[in-house]
2 protein chains.
Amino acid sequence: MTEAAAKTRRQKVEQKERAILTATRAVFREKGAEEAKISAIAQAAGLAEGTVYLYFKNKQALLMAAVSDFYAELTRDAESAVAQSPDTGSQVLSLARLHFGRVFDEWPLIAEAMGPYLPSPEYRETEAFALNRRYVGVFDGIMRSGVARGDIRADLSIPAMRDAFYGGLEHCARSARLRTTTPDIDAEVRQFLTIFMAGVMGRPSHGEIDGARVVRRLQSVIVDIEEQMRSADTDREQT
Amino acid sequence: MTEAAAKTRRQKVEQKERAILTATRAVFREKGAEEAKISAIAQAAGLAEGTVYLYFKNKQALLMAAVSDFYAELTRDAESAVAQSPDTGSQVLSLARLHFGRVFDEWPLIAEAMGPYLPSPEYRETEAFALNRRYVGVFDGIMRSGVARGDIRADLSIPAMRDAFYGGLEHCARSARLRTTTPDIDAEVRQFLTIFMAGVMGRPSHGEIDGARVVRRLQSVIVDIEEQMRSADTDREQT
DNA sequence: CATCATTACTGAATCAAGTTCATTTTTGTG
DNA sequence: CACAAAAATGAACTTGATTCAGTAATGATG
């Protein structure tokens, strides 16, 4: 087998793997989790059922890979959207819009189909988990720099803000999915952010007292400690 | 068939129905959604598999009934807890504690097993949906009277507050379930409510740094660090 | 370009869990 | 006690995931 041929073959394999993932996401989006049988996915990808199992160990692995694909794409888009936003507020806004829209669209895959696998201890070893961590890192970055700029309160832990942010947004998306009408993403997100931002923003402060400086310093030390814990601790990294 | 006999028989039927529901919730709690097969549930209730289908049309109906049971119980407890709390803040706190704890305990049933059925349009016709609405009514009541008392901002819609509250709490519960250690409910809930309440409350006079809060926060971080060190230790021992 | 080895693919067979149903057991009544 | 109605059972059936024995495509080699 020559080098060139090897490359071509690998490319073909990767291309087909990609086709299966794309088909999987499409079937979930268009037919829902209930109807996303292996047979339907194989058909959508133009393959026999058995072939799917040459590329993915089982259905769970396939869904995990599809979710990884979702998060990889979402992270790229989130990073670019955030990079284009000048201040903390608009960064949070564009991340929230993006997250709400994507999660709403791919709810059957992200929420319905994945739910059952999350609790298993092996989940933490998967690529999907790692990509999810990378994705929530975008939020963490916004918040950390927000704290540094004084836009965000320094006395809150990032994981707590994360739970409030993603939890609230995803609950909105779920509620929106229960309604039959298509949601007004902008209005939904604005409503939610009104609450979230008020909870998370730095209070406008006046005249510094001497003691206040010390307390502020303590607060920022807390943030640093948590920072260290965060990198050691993978426990709270979920969306 | 006499009146008395009829009553006895109906009671017996209801008693058995209850036994099945109790068994269902227990199996989900103790073995998780994956292992909650009809055979396991039947065994736990001391019945043959087929018998379950005399009481519930299919597995979906059984789960719906179990969820209804869950919400009925939760609503009773929430109403009583709230009735005993004097002010808006403590009402929210006790509801949040209760919700977090129960959802955490019955996550496999409430979140994993139900997820797939929620999006179906028929869900809105079920008893579970109605009971869920009644349950969120407790929260709505707290918020409405909070607005009336001036504790809660009047410019936010109740549904938006609801999404933020339940979404955030449930996301915390989910994160907590992914960790292996049992959660400190109080600390989790306090963290979340710090954000939620600040977002939802009428603005307090600002500028002053709340030294007591910072101290409390330092204490909780210390506890977290200790927790972390302890769990790192046990991890090492487990291998 | 014919041969062969390797790799990719297929769909029928197998397995597992939910569901049905013919049969058996229990219950209550005359 | 005899018997009709109700309740319960578990083996058979259905459906969807997974495996596997066999077939087709690919590409290296003489």
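Below, chain A is the first sequence line, B the second, and so on; all start at residue 1.
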When rounded to whole Å, the CG to P distance for the pair Asn58(B) and dT20(C) reads 8 Å

To the nearest angstrom, the CG-C1' distance between Leu62(A) and dT18(D) comes to 13 Å

Between CD1 of Ile41(A) and P of dT18(D) the distance, given in whole Å, is 11 Å

Glu49(B) atom CD is separated from dC13(D) atom P, nearest whole Å, by 16 Å

Q. Hey, are Asp163(B) and Arg174(A) close enough for a salt bridge, meaning a charged N less than 4.0 Å from a carboxylate O?
A. no

Just N and O in the side chain of Tyr53(B): are any of them under 4.0 Å from OP1 or OP2 of dT20(C)?
no

Does Tyr55(B) place a side-chain N or O at less than 4.0 Å from the phosphate oxygens OP1/OP2 of dA8(D)?
-> yes

Lys59(A) atom NZ is separated from dT18(D) atom P, nearest whole Å, by 8 Å

Asn58(B) meets the side chain to side chain donor-acceptor pair (under 3.5 Å) criterion, sequence neighbours left out, with none

Discussion item. Between the side chains of Glu170(A) and Arg177(A), is the shortest nitrogen-to-carboxylate-oxygen separation below 4.0 Å, so that they form an ion pair?
Written reply: no

* Asked: Parallel, tilted or perpendicular for Phe129(B) and Tyr123(B), by the 30°/60° rule?
  -> perpendicular

Separation of dT18(D) atom P from Gln60(A) atom CD, nearest Å, is 9 Å

So, with a heavy-atom separation below 4.0 Å from DNA chain D, the residues of residues 15-40 of chain A are Lys37(A), Ile38(A)

In whole angstroms, the gap separating P of dT26(C) from CG of Leu54(B) amounts to 16 Å

Against the side chain of Val13(A), the closest entry in dT9(D), dA8(C), dG11(C) is dA8(C)

* To do: Could you tell me whether a side-chain N or O of Ser85(B) sits under 3.5 Å from a main-chain N or O of Ala81(B), the two making a donor and an acceptor?
  => yes

Practice prompt. Could you tell me whether a side-chain N or O of Thr24(B) sits under 3.5 Å from a main-chain N or O of Ile20(B), the two making a donor and an acceptor?
Written response: yes

